[in-house]
Amino acid sequence: MDKSYSSATEADIYQSWEKSGAFTPKIDKTKKPYSIILPLPNANDPMHMGHALFTIQDILIRYHRMLGEPTLWLPGGDHAGIETQFVFEKKLQKEGKSRFDFDRQTLYDMIWEFVEKNRTLNQFQMKKLGFSMDWTRYHYSLETPIVKNVLATFKKLYRDGLVYRSEKIVNYCTHCGTAFSNLEVDYVDEVTNLYYMKYGPFILATTRPETKFGDTAVAVNPKDKRYTQYVGQEITVDGLNGPFKVKVIADDMVDMEFGTGVVKITPAHDPNDFDAGLRHHLEVKKVIGFDGRLNELAGKYAGLTVAKAREQVVADMQEKGMMVKIDSNYQHRIGRCYRCKHVIEPMVAPQWFVKMETLAKPAIAAAKNGDIKFFPSRFKKTYIDWMENIRDWNISRQIVWGPRIPVWYCLECNPRIKINFLDKDKNIVSGFYGDLKDKYSVDEIKNGLQSMMAPVDATFEVEETDHCAKCSSHALIQETDTFDTWFLSGQWPLSTLGFNTEDPSKSSPDFAYFYPTTVMDTLWDILFFWVARMTMFGLYLTKDVPFKTVHLHSRVVDAKGQKMSKSKGNVVDPLVMTEKYGTDALRFSLVYGIAPASDFVVSEDKIRAHRNFVNKIWNASRFVLMIIDKYPNTNISTTINFSKLNSDDKNILESLNKIIASTTTNIDKYHFGQASENLYQFFWHDFCDLYIENAKDRGEEVVPVLLTVLINSLKLLHPFIPFVTESVYQILREKMTLTEEQLITASWPKEIKFK
RNA sequence: GAGUCUAUAGCUCAGUUGGUUUAGAGCGCUUCAUUGACAUUGAAGAGGUCAGAGGUUCAAGUCCUCUUAGACUCACCA
């Protein structure tokens with residue numbers, strides 16, 4: 001044995017585990033299975049500390065495998081819709097291109113290839129960290145059967161009346177070119193101007209003077225005596241494009257204390273105003289286009305971006321004496337795109353929604369009655385609160401990277417469908433089908449198709465056919481909106497285990513055996529995005545929860561307590577750390593002394609300290625082997641003669657029994673921090689510093705106790721630091737008879753009776 | 001506006017249902033040791049009125065209330 005432990009053999013050890021079939025459980029109906037579905041990483045993402053924290057799952061998996069349970073850890077990769085398209089578009093930008101240079105199919109194919117290159121890298125990195133996943137059951141979110149099943153779910157939701165298309169106000173990012181759900185908007189406190197402007201007989205305060213062209217009312221509080229006389233009347237306002245008329249409405253939404261107690265109502269570009277518009281039957285007048293520029297209704301401001309238009313409008317109003325004052329220190333919250341950080345523009349657009357109330361009900365009940373348990377338990381409240389206030393989910397995204405919504409429109413029946421496509425000369429053409437049909441063939445449109453938008457009342461079919469049921473036309477076109485990524489990943493436990501939405505009786509044996517899975521371990525930041533959606537889909541489709549326990553783990557932050565991100569440049573790369581200190585050292589650092597679901601810092605110091613621990617294990621083992629070699633005639637075994645134990649032996653065996661018991665309960669209770677600390681203390685101090693030191697003065701009678709403690713320690717440590725423990729175990733096997741071939745499948749230690 | 005969490009040695013943090021810990025670890029610091037498992041070592045040590053105040057209890061870092069400081073989540077305030 002070398003003088004110190006080298007991590008160079010890790011890859012070989014991993015291979016021998018994989019080859020032996022240890023990662024692949026056999027379905028055994030006499031035994032209760034243990035299963036974890038891996039929170040599928042973005043297939044395009046190189047590994048970061050978040051992935052390294054899957055160590056927690058590996059600990060659970062290895063522990064339960066050693067308990068003899070059929071144990072499944074199912075890995076996967078996510079196409080990660082907007083995330084990936086965003087990264088790809090950045091790459092295009094560097095090459096001087098944009099998404100508008102390609103038809104959607106070409107763009108899709110390019111992204112597909114881009115992801116394929118990185119997908120294997122991601123798997124390789126998981127193996128590097130020693131994760132004992134069943135690679136024979138690996139799934140990628142865009143595999144045909146998985147997509148097929150997801151589409152079947154959409155159709156079922158539609159048939160059950162839980163999917164609808166509606167023109168509501170949605171969160172639209174003009175930079176990404178798509179709408180988002182409420183969860184994808186980050187609200188940021190910002191200081192902006194609050195403009196007080198003349199508005200007919202009023203003065204009113206607004207942050208958005210440029211949307212004035214879309215105003216269709218002005219509102220006051222019904223209790224506000226200052227303005228009672230105007231309510232119900234039509235007033236004339238001097239606009240920059242000439243005078244216009246709006247109605248004065250009374251609505252409780254208006255805060256009398258704020259500004260002047262008068263609000264302009266722009267239903268097309270503000271969520272509150274949109275709702276007010278519904279209450280008062282106001283016209284929705286869109287003045288901002290999906291390109292983020294004002295349209296023709298803005299008169300001479302048409303074509304300007306929102307920011308530019310605001311500047312110009314304010315300047316012009318000041319010149320004309322319409323601006324009363326500007327409060328430049330107004331703090332409020334602005335919605336920004338979680339991806340690109342541009343300001344989210346509330347827009348009215350037809351989108352696909354899922355009705356959530358029906359789906360949320362059983363998911364709330366499952367949390368309340370304990371069908372799903374939360375660890376730490378405080379997340380139960382967070383989860384239930386969110387579910388109880390849930391709003392309908394916008395599942396449509398105007399991007400190409402992802403499965404298209406399985407809905408077909410007949411162009412002949414719906415001539416007002418707006419289409420954007422590249423003609424055969426690669427020029428962008430856009431307009432209503434009815435206006436373009438004489439110039440372009442349906443095939444030319446389909447081949448160059450970039451996107452389409454059907455009016456909200458368009459007719460459609462949810463089954464693909466080659467002709468329209470009404471008019472028999474073959475001019476059918478599939479919805480270009482794709483699914484929100486979470487619509488797919490929300491069904492991940494079902495898809496990967498082979499659940500069949502169309503005919504549940506045809507689901508695979510894996511599904512029957514491993515569903516519901518045992519634990520879902522993930523970071524709390526996707527509790528709503530993912531965990532909540534999986535629960536709802538699981539219950540909706542199978543009447544059963546997808547997992548019995550939700551374990552939320554900690555988040556790794558940098559030394560300043562900030563979230564690690566590439567843009568901040570504060571990322572500690574787990575792979576660099578494994579190269580430097582070995583995988584075991586990194587893994588141990590990720591669980592040693594951490595509290596559940598709180599931020600924690602992983603410093604290089606900490607990893608170095610645990611590299612020393614790993615080395616300590618190596619050298620203690622080396623010493624034990626030296627002792628064995630010292631007594632060549634001794635029968636090398638772990639059989640202890642209990643009548644000949646001295647007090648040292650009894651003490652260490654008693655400590656061993658204690659650590660076996662505490663490690664077992666600590667893992668059962670998800671107290672990984674405590675478990676690892678105790679193991680560290682036991683091995684280094686109780687075993688090495690005390691027992692081994694004293695054993696140096698004793699004879700060959702120490703051999704059985706030394707071996708017993710060492711082998712049991714290796715087993716207890718194996719889930720945490722699999723490589724060094726397996727490595728030592730294999731060396732021991734060369735010296736003595738050990739019936740269990742590998743530590744990974746060896747049995748979990750039990751109390752040793754010696755009294 | 002609603003909710004959640006955190007505050008323990010110089011630094012980073014453990015301390016699970018209140019009582020064998022006179023409060024622990026790693027890193028750092030001080031002194032000494034060590035040519036045979038390991039300097040990626042061993043022994044000894046310095047360092048904390050467990051944010052502050054009050055309360056419950058035979059007993060509180062651990063439970064309750066308030067105060068202070070900080071972090072986060074959710075929510076449509078023009």
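What you see is a predicted model, and the numbers here were worked out from it, not measured in a lab.
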Within the structure shown, what part of the strands sits under 4.0 Å from Tyr330(A) by heavy-atom distance: base, sugar-phosphate, or nothing?
sugar-phosphate
Taking any heavy-atom pair under 4.0 Å as a contact, classify Phe379(A): base, sugar-phosphate, or nothing.
nothing
Does Lys696(A) put a side-chain nitrogen or oxygen below 4.0 Å from OP1 or OP2 of rA37(B)?
yes
Could you tell me whether the phosphate oxygens of rU41(B), OP1 or OP2, come under 4.0 Å of any side-chain nitrogen or oxygen in Asn612(A)?
yes
Identify, between Arg378(A) and Gln681(A), the residue whose nearest nucleotide on RNA chain B lies closer to the 5' end.
Arg378(A)
Answer yes if the side chains of Ser328(A) and Asn193(A) hold a donor-acceptor pair under 3.5 Å, and no otherwise.
no
What's Arg333(A) touching, base or sugar-phosphate or nothing? Going by heavy atoms closer than 4.0 Å.
base
At under 4.0 Å between heavy atoms, what does Val254(A) touch on the DNA or RNA strands: base, sugar-phosphate, or nothing?
base
Residue among Trp386(A), Trp486(A), Trp393(A), Trp524(A) satisfying ring pair (Phe, Tyr, Trp, His ring centres under 6.0 Å) with Phe529(A)
Trp486(A)
Mind checking Tyr5(A) for me? I need base, sugar-phosphate or nothing, with any heavy atom below 4.0 Å counting as a touch.
nothing
Taking side chain as C-beta onward, heavy atoms only, is Thr663(A) less than 4.5 Å from Asn678(A)?
no
Checking all strands, does Thr382(A) fall into the base, sugar-phosphate, or nothing category for heavy-atom contacts under 4.0 angstrom?
nothing
Please confirm whether the shortest side-chain N or O distance from Lys616(A) to OP1 or OP2 of rG42(B) is below 4.0 Å.
yes
Ala620(A) near the nucleic acid: base, sugar-phosphate alone, or nothing, with a heavy-atom cut-off under 4.0 Å?
base
For His332(A), answer base if it contacts any base atom (sugar-phosphate contacts may also be present), sugar-phosphate if it contacts only those atoms, and nothing otherwise; contact means non-hydrogen atoms under 4.0 Å.
sugar-phosphate
Does rC76(B) have OP1 or OP2 under 4.0 Å away from a side-chain N or O of Arg391(A)?
yes
How is Asp605(A) classified with respect to the nucleic acid when contacts are heavy atoms under 4.0 Å: base, sugar-phosphate, or nothing?
sugar-phosphate
So, is Arg608(A) close to the rC27(B) phosphate, meaning a side-chain N or O under 4.0 Å from OP1 or OP2?
no
